[in-house]
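These numbers come from a predicted model, not from an experiment.
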Amino acid sequence: MTDMPSPSPNDAPAVVPPTPAPGFDDAGFDDLITGLARWSGALPDWPAARRVRAEWEEVAPRLDRARRELSRVLVVGVIGGTGTGKSTLVNALAGRDVSPAGDVARPTTVAPVVVVARDVDCSWLALDEVGARVVTSDSAAVANIVLVDCPDPDTQGPWTPPSAGGAQLPVGGTKLSVGGTKRPSEHNHNRDLLERILPACDVLLLVATAQKYRSWSVASEVAAFAPGRPLLFVQTHASRDADIRDDWRRELERQGIEAPAIHRLDGLEAARRAAAGLEPEPGFAGLVKAIDEELVGRAARRVRRTGALDLAGWFLSQALGQLAPLRQPVAELASGVAAQTGRLEGLMEKAVAGKLRASRPAWQRVMQEELVERWQGGPFAMFLHALAGLGSLWPKLRGGGLVGRILSGQGVPTVATGDGAWQSIEEIGLAEADVEQSRSILVGLAARATIGEPMVGRARLDERAVQTSVGTLMERTGHWLVGGVDRLVAERRDRVDSPLMHGVCEVLFGGLIVAVLGRAAWNFFYGHLWQGHPLGGLGFLEEALVWIILWGLFLRWIVFARLRAGLDRDIAGLVTRLPGARLVDPFLHDFAAAAATTAAFLETGDDLARRHAALESRVVEGRSTLGRLKGHAP
């Protein structure tokens, strides 16, 4: 709604800044307002958050004024249906006739009447824009407040929307049409005037009778302007109407309004006594006492603070209420991202495990090279190095695909462009159709949470996104495979590369060599030189060399068999760690980010609501007879 021009602090009477009300945490409240401002604009791409921001832009100026204008007198707007004795009550409070009242013409109040004490400057209200008439009063009831007799809202007929060609001018939250289309009455704009004067009011005094306390027109205006504004309730015509306060209170509760106290009085009698200078009747005296105790001096500062706190709480409740239907869809989107990530990772896990098992020769070569490189010294180590040297004479087979290249030490291949990008990752279990299926499911879940572009993309990735996502996937998978293979090879190597295993192999292999050399020495020194037997030639040595080689190969087979034992189990253990590597995130990162940011937005709102509740619990001064709009919408 369009507020009246806000009062300028420079125009208000200068007074000494008040001390904070006991129990009200000013610093905490300022932090809350800062947090609300930051939160409301934190997620502009989410339509639900934009609605929160739009609500905040309406509430923020009032909160700012409430914090800056603690010392200004309160403006009390008197609102009620036509014929409820509203103007009569204003005359009683003013101590004389200042507003037309009677049963001759309806509506009686067609322009705002502002009642102020003689020493109060109300120029900061900019009343000329709403055609208000200002009158002064010496009555003690209005000595420290500004009283506004507001136009009756229930005499302006419903508005008929204009035709498509009619222009519209928004005024005060409703629309006055121009360009040919008119309201039912060209002269009765009471509700429009009311909606322009109420934003300037700090407190609303609602007047009703036994006939009109359920007026929808009045209730809708109160509900629209009550957030952050304390409320006073008065039943008039007490001398001729039954006491409807209990029923009215129940009606207000149904509308979401708390009404701790409802005053009951006879306006005509109160006005007559006030004009004659007589002692007021008890009901009217109770209302004047309530105004003096609840709206004047230090109480006025409390009203502003608690009103601002109520307004912040109302905004939070409204915002969180609007977001409530989206909590489940946001949670389902997060669950959907996890499920689809798990599905794609399952496809990768199965394919990568198959590729690793099919590459056993490459595994064996890698592990053998690692072990031979670490075993140094001794005849068996020399035998292994000799075999490795002979093996190096043959060119190594260059592995194909990502897994083969990793195992052969060639690194991650370059990502092809176009359809070749998808083909490059088919080896690890992912195809274009798999990714598109997952993204299609998530697009539907995101739509339920009103999340769309630019927060999330479409189901089918464009060529640039494919190139980026596949490249990131290949790079991450390559690093993960390199690290996993190196770790697995090191673990298996350490199982065999122990001093005991190395020593046993050296003793067994070296023992045969010693036996052969000993036999040769015995034949030469004892048989030939000592006993004169002829030398047996090289046949013995040739046979011995063959057996030494065969024995070395046997020992080598035992060592490498132990090295290979349980390889499939270790490969299975390696691929079970694939989900922790978050390899498929590039394909679903937009949905994951959207789910995380929206969930964080909701959690931040909940946290602000908890902070507001904590601030409210610290306000030790009771609200007494003042009512208020509850946090939820009426």
J.: State, yes or no, whether a side-chain contact exists between Ile425 and Ile428 at a heavy-atom distance under 4.5 Å.
T.: yes
J.: Without swapping roles, check the side chain of Thr576 against the backbone of Gly573 for a donor-acceptor pair under 3.5 Å.
T.: yes
J.: Tell me if a side-chain donor or acceptor on Glu436 pairs with a main-chain N or O of Arg460 at a distance below 3.5 Å.
T.: no
J.: When you compare the side chain of Arg448 with that of Leu326, does any pair of heavy atoms fall below 4.5 Å?
T.: no
J.: Go through the steps for Ile513 and Phe509 under the test side-chain contact (heavy atoms from CB on, under 4.5 Å), then give the verdict.
T.: CA-CA 7 Å; Ile513 295 176; Phe509 187 75; 3.4 Å; yes
J.: To the nearest 0.5 angstrom, please state how far the CD atom of Gln423 sits from the CD atom of Glu426.
T.: 6.0 Å
J.: Please find the pair of heavy atoms, one from Cys505 and one from Val559, that lie closest to each other, and give the distance.
T.: SG-CG2, 3.5 Å
J.: Do Glu332 and Gln328 have side-chain N/O donor and acceptor atoms under 3.5 Å apart?
T.: yes
J.: Hey, could you give me the CG/CG distance between Leu344 and Leu588, rounded to the nearest 0.5 Å?
T.: 5.5 Å
J.: Distance-only, no hydrogens or angles: does the Glu253 side chain make a donor-acceptor pair with backbone N or O of Glu258 under 3.5 Å?
T.: no
J.: Do you know which two heavy atoms are closest between Val337 and Thr341, and how far apart they sit?
T.: O-OG1, 2.7 Å
J.: Measure the CD-CG distance between Glu506 and Leu555 for me, rounded to the nearest 0.5 Å.
T.: 9.5 Å
J.: Salt-bridge test for Asp590 and Arg439: reply yes if a basic N is under 4.0 Å from a carboxylate O, no otherwise.
T.: yes
J.: Taking only Lys NZ, Arg NE, NH1 and NH2, and the carboxylate oxygens of Asp or Glu, determine whether Asp45 and Arg50 approach each other closer than 4.0 Å.
T.: no
J.: Could you walk me through whether Leu574 and Arg487 pass side-chain contact (heavy atoms from CB on, under 4.5 Å), step by step?
T.: CA-CA 9 Å; Leu574 172 63; Arg487 182 171 57 255; 4.2 Å; yes
J.: Atom CG in Leu36, atom CG in Leu63: separation rounded to 0.5 Å?
T.: 8.0 Å
J.: With a 6.0 Å cut-off on the ring centroids, do Trp422 and Phe587 count as close?
T.: yes
J.: Is there a side-chain contact between Asp310 and Phe315 (heavy atoms, below 4.5 Å)?
T.: no
J.: Taking His385 for its side chain and Trp375 for its backbone only, find out whether a donor-acceptor pair lies under 3.5 Å.
T.: yes
J.: Return the CZ to CG distance between Phe560 and Leu553, rounded to the nearest 0.5 Å.
T.: 10.5 Å
J.: Kindly indicate, with the supporting measurements, whether the criterion side-chain contact (heavy atoms from CB on, under 4.5 Å) is fulfilled by Val52 and Trp39.
T.: CA-CA 9 Å; Val52 172; Trp39 174 63; 3.9 Å; yes
J.: Any side-chain to backbone donor/acceptor pair from Ser438 onto Val435? Under 3.5 Å, distance only.
T.: no
J.: Taking NZ, NE, NH1 and NH2 as the nitrogens, is one of them in Arg327 or Asp606 under 4.0 Å from a carboxylate oxygen of the other?
T.: yes
J.: Given 3.5 Å as the limit, does a donor-acceptor pair link the side chain of His612 with the main chain of Leu32, or not?
T.: no
J.: List for me each residue that meets ring pair (Phe, Tyr, Trp, His ring centres under 6.0 Å) alongside Phe554, sequence neighbours excluded, and say none if there are none.
T.: Trp551
J.: Let me see the working for Glu453 and Arg458 under salt bridge (charged side-chain N to carboxylate O under 4.0 Å, His left out), right down to the final yes or no.
T.: CA-CA 8 Å; Glu453 295 184 85; Arg458 300 180 180 180; 3.5 Å; yes
J.: Side chains of Ile548 and Glu543, heavy atoms from C-beta outward: is any pair under 4.5 Å?
T.: no
J.: Looking at Ser40 and Ala37, would you say the former's side chain and the latter's main chain have a donor-acceptor pair under 3.5 Å?
T.: yes
J.: Any salt bridge linking Arg628 with Glu616? Criterion: basic side-chain nitrogen under 4.0 Å from a carboxylate oxygen.
T.: yes
J.: Do Arg229 and Leu311 come close enough that some side-chain heavy atom pair is under 4.5 Å?
T.: no
J.: Testing the basics here: between Thr472 and Pro586, what is the closest heavy-atom pair and its distance to 0.1 Å?
T.: CG2-CG, 3.6 Å
J.: Given side chains that start at C-beta, do those of Leu445 and Ile451 come closer than 4.5 Å, heavy atoms only?
T.: no
J.: Establish, from distance only, whether the side-chain atoms of Trp46 and Thr450 form a donor-acceptor pair under 3.5 Å.
T.: yes
J.: Check for a donor-acceptor pair, side chain of Asp434 on one end and backbone N or O of Ala431 on the other, with a separation under 3.5 Å.
T.: yes
J.: Is there a donor in the side chain of Glu55 and an acceptor in the side chain of Gln322, or the other way round, less than 3.5 Å apart?
T.: yes
J.: Considering all heavy atoms of both residues, which atom of Gly35 and which atom of Leu608 are nearest to each other, and what is their separation?
T.: O-CD1, 3.9 Å
J.: For Arg38 and Thr604: C-alpha separation, side-chain torsions, deciding distance, then whether side-chain contact (heavy atoms from CB on, under 4.5 Å) applies.
T.: CA-CA 10 Å; Arg38 187 181 300 113; Thr604 301; over 6 Å; no
J.: Give the minimum heavy-atom separation between Val575 and Trp480, together with the two atoms involved.
T.: CA-CH2, 4.2 Å
J.: Quick check against the 3.5 Å criterion: does Ser469 have a side-chain atom that pairs as donor or acceptor with the backbone of Val466?
T.: no
J.: Give a yes or no on this: more than 12 heavy atoms of other residues, nucleotides or ligands lie within 6.0 Å of atom CZ of Arg582.
T.: no
J.: Are more than 12 heavy atoms, taken from residues, nucleotides or ligands other than Met382, located less than 6.0 Å from that residue's CE atom?
T.: no
J.: What distance do Glu463 atom CD and Thr468 atom OG1 have between them, rounded to the nearest 0.5 Å?
T.: 10.5 Å
J.: Is there a side-chain contact between Gln340 and Gln437 (heavy atoms, below 4.5 Å)?
T.: no
J.: Does atom CZ of Arg610 have more than 12 heavy-atom neighbours, drawn from other residues, nucleotides or ligands, at distances under 6.0 Å?
T.: yes
J.: To check you understand the geometry: which heavy-atom pair defines the closest contact between Phe29 and Ala312, and what is its length?
T.: CE1-CB, 4.5 Å
J.: Under 3.5 Å, side chain of Arg53 to main-chain N/O of Ala49, donor-acceptor pair present?
T.: no
